[in-house]
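As the structure lists them, so they are numbered: ligands from 1, and atoms in each ligand from 1. Just so we're clear, the structure is a prediction, and the values are computed from it rather than from any experiment. Starting from 1, each residue takes its place in the sequence as its number.
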Amino acid sequence: MLEQFRQMLNDCIRIGLAENVTSLKSLSLKAYRQLSGYDLASYYKLCAISAATGILRNYRKAKRKNPHVREPYARRPRLTTCYGFKVRDGELSLPTHARKHIRIHVNQHTQAMINGFTVRSVTLTEGILSLAYASEIQDVQPRGFIGIDRNLENFTVAATDRTVHRYDLSEATRAKAVYRDIRSHFGRNDVRIRREISNKYGQKQREKIQQILHHASKSVIEEAKTKQYGVAMEKLTGIRRLYRRGNWQGRWYRGRMNSWSYAELKRQIEYKAKWEGLLVIYVHPHGTSSRCSICGQKMVPEENRMLRCPSCGYVVDRDVNAARNILAAGTLRFGVVDLAGEAMVPEPASVRQSAKSMRGS
Ligand SMILES: [Zn+2]
């Protein structure tokens, strides 16, 4: 079934590329009849067409930036559907043909998580079942902000109430070192083998780092939720700062892993914040790491990652300074309800939907 879906998806992509269609409607008109040879319930055909539309849209966007980008092709079996399934009594029932179903056991943790929510879509791969569920969320009027500055080894959070927390991520760096040793034992000089091994260990490494980031992002969002604060982060996460020499990895690999873990932390914080109805804003990164967070002058680096302001004499840890600058930029842009409870920049609290996805068994 997964394999059939993958083939349908690739058929749709091929048709979309050949006919140069972009909209869901025109792709449906062109492709639907050509999928008649597949022996699967018809709503999977619609799901394949809609998935292909998304892939084609991303491809067009990428091609505008880079004309040499490869044409899309689905290699891994993966199926997404928003129709026909039922989750009941600890089981997911997924129709394959008319009146035929496959059943997948849903573990208790997952059952507890989706309890009270509506499951909107199901994604199935060879090893993982993901359920996406939606909830009505009431926006929280921010009473302040937390500013987050991320480094390779840690990230620093500065809040409106002047507290500062640092979250250690060096465990994630250590995880990398362990997997590096394993990988270096494979010496075969074949690009394909190297890539495969690198992918396999890369996957484990990603899962390990993901876990560490989940712990950290969870406690940050709990702090923000308790204080009813919005979250401010840098718009561009300073990928350039990551390309440092003298590290063990190849440039390509290091850059890819680091920028992935940057983006992953941002993604986790953003969706967890939205799930709680907290405001998330991005500020321009210009000067956040070099300007004084008190007077705005350019600072001078001192020993031990400290900075000194020649104008006002402020001496501060550079990460704390950056987090405070991000906090200040966020506060300036959006305004907050001050501590007396008076709204400086009132924003209408609207009910918004946010989808959160999780993994089941
Ligand atoms: Zn200063």
Side-chain angles (χ1 to χ4, degrees), residues 141-170 173 216-217 219-221 223-246 258-259 261-263 265-266 269-270 273 278-347:
Q141 184 85 357
R143 300 180 140 265
F145 275 95
I146 56 170
I148 301 176
D149 177 64
R150 165 82 202 261
N151 276 301
L152 200 52
E153 296 276 316
N154 64 59
F155 66 98
T156 308
V157 180
T160 303
D161 62 7
R162 308 219 29 96
T163 54
V164 172
H165 288 139
R166 184 168 307 205
Y167 292 85
D168 185 24
L169 297 177
S170 63
T173 322
S217 58
S219 23
V220 171
I221 294 307
E223 181 189 341
K225 189 187 165 191
T226 316
K227 295 176 178 171
Q228 298 185 21
Y229 281 1
V231 178
M233 290 185 278
E234 279 183 331
K235 197 180 270 166
L236 300 164
T237 31
I239 302 297
R240 256 180 315 146
R241 270 192 279 164
L242 293 174
Y243 286 92
R244 281 196 198 116
R245 277 159 195 270
N258 287 341
S259 56
S261 102
Y262 256 63
L265 181 74
K266 221 164 80 168
I269 289 176
E270 185 174 327
L278 304 175
L279 181 64
V280 179
I281 59 170
Y282 288 100
V283 302
H284 199 283
H286 183 73
T288 44
S289 49
S290 62
R291 303 244 167 225
C292 173
S293 57
I294 291 179
C295 71
Q297 288 299 308
K298 208 158 171 72
M299 297 187 93
V300 185
E302 302 260 284
E303 283 182 342
N304 298 325
R305 298 182 64 80
M306 299 296 276
L307 294 171
R308 186 175 51 83
C309 176
S311 171
C312 72
Y314 185 43
V315 177
V316 63
D317 177 275
R318 55 191 292 170
D319 301 331
V320 175
N321 187 59
R324 287 209 173 123
N325 276 329
I326 294 166
L327 166 67
T331 313
L332 197 69
R333 239 180 65 201
F334 275 82
V336 291
V337 182
D338 72 9
L339 295 173
E342 230 170 90
M344 288 153 77
V345 181
E347 276 196 307

Check residues 290-297 and write down every donor-acceptor pair under 3.5 Å in which the side-chain atom is one partner and the other belongs to a residue at least two apart or another chain.
| residue | atom | partner | partner atom | Å |
| --- | --- | --- | --- | --- |
| Ser293 | OG | Asn321 | OD1 | 2.8 |

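Remark: the backbone N or O of Leu327 is paired with a side-chain donor or acceptor of Thr331 at under 3.5 angstrom.
Judged as a ring pair (Phe, Tyr, Trp, His ring centres under 6.0 Å), and not counting sequence neighbours, Tyr282 has no contacts. Residues satisfying the side chain to side chain donor-acceptor pair (under 3.5 Å) criterion with Glu302, sequence neighbours excluded, are Arg308.
Of all protein atoms, those of element N, O or S that lie under 2.8 Å from the Zn ion (ligand 1) number 4.
You'll find the side chain of Ile221 reaches within 4.5 Å of the side chain of Val231, heavy atoms only.
Electrostatic pairing of Glu270 and Lys266 does not count as a salt bridge here, judged by no charged N lying under 4.0 Å from a carboxylate O.
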